[in-house]
Amino acid sequence: MSSLSLQAAGAAREAIDTNVPRLVAENFASKLFAQDPALWGAAAEQEAAVRLGWTDAVSVSRPLVPEIEELRDDFAREGVTRFVLAGMGGSSLAPEVITRSAGVELFVLDSTDPEMVTKALEDLEHTALIVSSKSGSTVETDSARRVFIDAFQRAGLDAPSRIVVVTDPGSPMDSASREAGYRKTFNADPNVGGRFSALTAFGLVPSGLAGVDVAALLDDAEEAVEMLREDDENNIGLQLGAALGGTSPLRDKIVLVNQGAPFVGFADWAEQLIAESTGKSGTGVLPVVVHDGAPELTSGASDVLVVSLVAEEDVDPEQSEGVRVAGSLSGLMVAFEVAIAVAGQLLGIDPFDQPDVESAKAATRELLASKPEPSPAAATDGEIEIRGAEDVLRGATTVPAALSALLEQLPEDGYVSVQAYFDRLGWTELESVRDVLARRTGRPVTFGWGPRFLHSTGQYHKGGPAQGVYVQITAATDTDVDIPGIPFTFGELINAQADGDATVLAEHHRPVLRLRLLDREAGVAQLLRAASEL
């Protein structure tokens with residue numbers, strides 16, 4: 001399946017009919033693929049001028065294919081068949097959806113939780129590490145690189161021969177990797193932002209090494225581009241962008257759901273693309289990733305737009321609202337990228353910067369340097385410590401009461417954000433709290449695993465509309481892992497990341513309830529019970 005199709009009804013159809021004719025008349029699509037930086041206004045022109053390389057990613061990436069296949073074959077002859085990707089956000093989300101959808105294994109290490117790091121370090125004899133970062137300065141990625149080098153050496157393995165790097169040419173990591181003699185260093189197009197990098201080396205190298213046919217991926221994308229670059233009212237990219245950013249009044253909660261498309265995790269990739277591109281300057285649209293049957297799909301809320309991923313043949317003649325899209329995986333990736341470029345113009349923002357991502361990083365660095373004593377809990381209920389400002393807790397001393405106090409502050413047009421800072425592979429049952437809170441509030445609820453969400457929806461939570469209330473969940477553990485050459489452990493790092501983000505959210509006047517699980521198993525069970533009692 002390589003063609004693209006879109007079906008829209010209700011407010012989405014009105015937005016398409018209103019905005020697409022103007023976009024066509026102004027030659028938006030052809031100008032976009034000609035990399036015209038003026039499409040988003042003078043204030044965005046400087047950034048856009050160095051961020052539009054993704055429109056040409058298919059042709060630029062073609063020469064990578066034989067290099068990736070050759071390296072994969074070499075590794076296989078050496079018995080290296082397991083690949084761990086150390087990357088965050090744009091460096092990890094695309095390879096994750098590509099490999100999962102293809103049914104091949106790739107361990108994506110985008111966490112600083114010591115228990116997840118420990119799992120990544122298993123089976124080193126058959127493992128190679130892919131370090132993926134535009135600059136190499138991302139703390140999570142650099143920490144993973146350090147611990148893997150140490151682990152390879154302790155296992156008696158030649159560490160440089162097991163490390164592959166993807167980075168921008170001329171970056172600090174580019175020169176350092178070549179000097180260190182790592183197995184292979186791939187350079188990506190520097191004129192592509194991370195969240196638009198799915199079809200560059202950042203998406204293709206990890207996917208191809210893990211076993212995906214990346215040439216076919218590029219073939220499908222190339223076919224989609226031929227349609228997406230046309231100034232035509234049937235252009236799916238223009239239509240989707242008009243639906244995302246052009247409803248009036250704006251439906252700024254975009255509920256993403258897979259209802260039959262042959263992909264795994266596409267909405268998680270789209271979540272970063274939408275949130276980090278649009279959530280700034282007090283505006284934007286919030287992606288809300290849900291499963292089929294989630295409460296948001298039938299809430300009827302006037303600020304919700306449902307975007308469903310469906311199989312190409314799945315047409316609904318009775319559709320009354322929302323958007324249904326179908327196509328190949330890579331074709332839809334390019335279509336969503338075009339759509340976000342369109343939505344950015346309609347919303348009047350620069351879709352290529354991320355001004356509020358750095359604030360949480362800076363707060364984390366400050367906490368790691370100063371190492372302050374943990375703030376005392378306002379109360380302890382069973383296996384959960386409760387923290388929060390007085391105006392958030394309102395005297396609550398139990399978890400149900402604290403949750404209720406937070407939800408009382410939820411605006412009519414608001415959303416709930418649940419942010420869990422621990423092992424996302426080992427504790428997936430915690431995600432069920434999302435549906436519970438959505439049913440309780442009748443409002444959209446997002447669920448993000450920390451610290452990875454800091455590189456996606458984290459931008460929207462701070463830079464977008466002040467509509468959210470936030471539940472931050474952290475967890476104690478008996479497991480910790482030292483980071484060689486760094487004066488803090490992974491456990492200290494993830495705690496500082498949580499503390500730093502909570503601090504920045506509070507500075508932006510966002511209500512934050514902080515729950516720390518003293519025992520993971522008992523704490524998760526207690527939290528789920530507490531949420532169900534609301």
Side-chain angles (χ1 to χ4, degrees), residues 35 47 49-72 74-75 80 83-95 98 106 108-110 127-150 152-153 158-210 214 218 352-354 357-358 361 365 455 483-486:
Q35 302 186 11
E47 181 77 15
V50 293
R51 286 291 178 260
L52 291 172
W54 58 270
T55 62
D56 200 29
V58 173
S59 59
V60 170
S61 297
R62 284 285 184 192
L64 290 172
V65 174
E67 294 184 57
I68 295 169
E69 292 175 344
E70 181 182 7
L71 181 58
R72 181 177 66 205
D74 288 345
F75 272 131
V80 175
F83 294 91
V84 174
L85 170 60
M88 297 297 297
S91 298
S92 62
L93 290 166
I98 291 168
L106 176 69
V108 177
L109 179 57
D110 55 0
T127 298
L129 175 70
I130 305 163
V131 183
S132 193
S133 171
K134 286 181 70 65
S135 68
S137 61
T138 305
V139 64
E140 299 95 337
T141 306
D142 180 61
S143 298
R145 180 189 63 85
R146 290 171 178 270
V147 78
F148 261 89
I149 290 174
D150 181 67
F152 282 139
Q153 291 173 340
D158 178 47
S161 71
R162 296 295 187 98
I163 298 176
V164 177
V165 169
V166 185
T167 190
D168 280 358
S171 72
M173 190 164 75
D174 186 28
S175 55
S177 300
R178 297 181 192 279
E179 290 173 8
Y182 293 160
R183 180 63 170 266
K184 179 81 172 177
T185 299
F186 290 91
N187 287 145
D189 185 346
N191 293 326
V192 180
R195 58 189 176 275
F196 289 83
S197 66
L199 299 178
T200 72
F202 286 107
L204 299 179
V205 170
S207 303
L209 290 179
V214 292
L218 292 175
F352 303 111
D353 67 351
Q354 50 281 331
V357 169
E358 180 59 31
K361 295 181 182 179
R365 289 193 293 267
H455 298 259
I483 306 173
I486 298 293

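Counting from 1, the numbers follow the sequence of the chain as shown.
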Q: Report the C-alpha separation of Arg146 and Asp150 in whole Å, then their side-chain angles, then the decisive distance to 0.1 Å, and conclude whether the salt bridge (charged side-chain N to carboxylate O under 4.0 Å, His left out) test is met.
A: CA-CA 6 Å; Arg146 290 171 178 270; Asp150 181 67; over 6 Å; no
Which value, rounded to the nearest 0.5 Å, describes the distance between [X] atom [atom1] and [Y] atom [atom2]?
X      : Y      : atom1 : atom2 : result
Arg183 : Leu129 : CZ    : CG    : 13.5 Å
Leu199 : Ser59  : CG    : OG    : 11.0 Å
Asn191 : Asp56  : CG    : CG    : 11.0 Å
Ile68  : Leu204 : CD1   : CG    : 5.5 Å
Leu93  : Asp110 : CG    : CG    : 7.0 Å
Thr141 : Leu85  : OG1   : CG    : 8.0 Å

[X] side chain vs [Y] backbone, donor-acceptor pair below 3.5 Å:
X      : Y      : value
Arg162 : Thr127 : yes
Thr167 : Lys134 : yes
Ser175 : Pro172 : yes
Thr200 : Phe202 : yes

Q: Go through the steps to decide whether Lys184 and Val205 satisfy the test side chain to side chain contact (heavy atoms under 4.5 Å, CB included), and finish with yes or no.
A: CA-CA 11 Å; Lys184 179 81 172 177; Val205 170; over 6 Å; no
Q: Would you check if Asp168 and Asp174 make a side-chain contact, meaning some heavy-atom pair closer than 4.5 Å?
A: no
Q: Mark yes or no: Arg145 above the aromatic ring of Tyr182, with NZ or CZ under 6.0 Å from the six-membered ring centre and no more than 45 degrees from the axis.
A: no
Q) Only one of Leu109, Val108, Val131 forms a side-chain contact (heavy atoms from CB on, under 4.5 Å) with Val84, so which one is it? A) Leu109
Identify the heavy atoms of [X] and [Y] that sit nearest to each other, and give their distance.
X      : Y      : result
Pro95  : Leu106 : CB-CD2, 3.9 Å
Gly181 : Pro160 : O-CB, 3.4 Å
Gly203 : Ile98  : O-CD1, 4.2 Å
Ser133 : Thr138 : OG-OG1, 3.5 Å

